[in-house]
There are 2 protein chains.
Amino acid sequence: MLFHFSNRFPQLNAFWDKYLPFQKRMDVPAKTILLEEGKISQNYIFIEKGCVRLFFNNNGEEKTVQFFFENEGVTSFDSFVNNIPSQCAIETIEPAVIYMLPKQYAIQMIEELMLERDFAQMMLQMFALRQTHYVNEFISFIRDTPEQRYQNLLKERPHIVQRVPQHYIASYLGVTTVHLSRIKSKIAKGKTHF
Amino acid sequence: MLFHFSNRFPQLNAFWDKYLPFQKRMDVPAKTILLEEGKISQNYIFIEKGCVRLFFNNNGEEKTVQFFFENEGVTSFDSFVNNIPSQCAIETIEPAVIYMLPKQYAIQMIEELMLERDFAQMMLQMFALRQTHYVNEFISFIRDTPEQRYQNLLKERPHIVQRVPQHYIASYLGVTTVHLSRIKSKIAKGKTHF
DNA sequence: GGTGGACGATAACATATGTTATTAAGTCAG
DNA sequence: CTGACTTAATAACATATGTTATCGTCCACC
């Protein structure tokens, strides 16, 4: 959720490598909780292999906020930065290999990064990227029907549809599993008479 | 949308004051476009008086993304940072007094700010704040019905309901004006037999 | 080889929300 | 004052989505 800049700003990779020794490698099964709802985030999590979701509990019903895959970083950002209880939990969907970087080292890394040339611009761009993601999710809810949102997912991020069980996707789209099933069958029908 | 830190980080006010001479004061009527959709954002906008909205056009129908009031800053963040066309437009709702700070000075100010002690932590907190706002908007759509979202607005940000015309609020909640009207009358009925 | 659980499809019905049209009140320029 | 315009409420109907229940398939586990 913060700095998966490895591909975007290659000149920063040296910093990442420098902090590798402080990262703890973990090999975990599916449905492993990496951060509990209500706990304060203590680690920045990097995914080497597998698939992870960010979700919260609403009256016993789980609502999925975001999915993460290989070479992406996850953290409950607000909790991580401000040392407050996390509104969301983080859980593996598939068996996964992850690296945990304790917060103190992550902060230390950022302090070092700030001494880099052009870091202000890079930092702004990184945050613009994250913020744009959430603004677009938000806009999509104002603008699109659940069916359009699912079609979008199919077109823009098909790997999610392929790898993630349907009930997680339903909660991410903001509909019931029953209705997502209806949407899928409606789309399938539309495609039969081609 | 970026640094309305005046109240949050008072030690940074000196920087703000230093750049005051580069800001252009404007006194504008209601329904003035401050940034057109598709144009590249060139200014950071600070609101001294009045009320402003961020919105986009969807097949001739306007969808409101956010409202801004006194002592808040507005910009189309992604466009401002990455020099790309803005997905959204910015328009005054009420007659307003605003200050425009050209982008070059805003960037320059950030570069200077970076030399401040503890700036990394402050910057992270500022961004966590903005990001949390959008994540919460997003979560609210997954979790709540339009009626709950309106009740939330009434409780958490009543000034919006008081100052903003209803059709803007409807487009912000993601419903039609007709349905918002229904929601209001339903709430009113609920309150009559107290 | 069975068995229980997770996952997904579907049906029937209830509720929420959109669409279109009509009416009324408020505002503002002439 | 009057007419045009904006804003808001309401009704009638159409469509989308939720709820509950049932069924079938797949798969890990005993």
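Chain letters run A, B, ... following the sequence lines, proteins first and then strands; every chain starts at 1. Computation of the quantities below employed the complete heavy-atom set of this structure, encompassing side-chain atoms and omitting hydrogens, waters and symmetry-equivalent molecules.
Rounding to whole angstrom units, NZ of residue B:Lys186 and C1' of D:dA9 are separated by 17 Å. In this structure, the CD atom of B:Glu147 is 16 Å from the C1' atom of D:dT17, given to the nearest Å. One interatomic measurement links the two molecules: CG of B:Leu173 to P of C:dT17, which rounds to 11 Å at whole-angstrom precision. Atom CD in B:Glu94 sits about 15 Å away from atom P in C:dT27, given to the nearest Å. Rounded to an integer number of Å, the gap from B:Lys31 NZ to D:dT7 P is 4 Å.
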Restricting both atoms to N or O, compile the protein contacts to nucleotides 18-24 of chain C shorter than 3.5 Å, with distance only.
from, atom 1, to, atom 2, distance (Å)
C:dG18, OP2, B:Thr176, N, 3.3
C:dG18, OP2, B:Thr176, OG1, 3.4
C:dG18, N7, B:Arg182, NH2, 2.7
C:dG18, O6, B:Arg182, NH1, 3.1

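Across every non-hydrogen atom of B:Pro85 and B:Gly38, the tightest pair is CB-O, 3.2 Å. Considering every non-hydrogen atom in both B:Val52 and B:Ile90, the closest pair reads CG1-CG2, 3.5 Å.
A close approach under 4.0 Å does not occur between any side-chain nitrogen or oxygen of A:Lys184 and OP1 or OP2 of C:dG8. Taking 4.0 angstrom as the limit, A:His167 places a side-chain polar atom (N or O) nearer than this to OP1 or OP2 of C:dG8.
In terms of modelled atom types and a separation under 3.5 Å, the side chain of A:Ser86 and the main chain of A:Cys88 share a donor-acceptor contact.
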### Task
Dump the intermediate steps for ring pair (Phe, Tyr, Trp, His ring centres under 6.0 Å) on B:Phe138 and B:Phe141, then the final yes or no.
CA-CA 5 Å; B:Phe138 171 41; B:Phe141 266 103; 8.6 Å; no

### Task
Starting from the C-alpha separation in whole Å, work towards a yes-or-no answer on ring pair (Phe, Tyr, Trp, His ring centres under 6.0 Å) for B:Phe22 and B:Tyr19.
CA-CA 6 Å; B:Phe22 302 113; B:Tyr19 281 88; 5.7 Å; yes

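Checked against B:Thr64 for a side chain to side chain donor-acceptor pair (under 3.5 Å), the options B:Glu91, B:Arg53, B:His167 give a single hit: B:Arg53.
Comparing A:Ile183 and B:Gln166 against DNA chain D, the residue whose closest nucleotide sits nearer the 5' end is B:Gln166.
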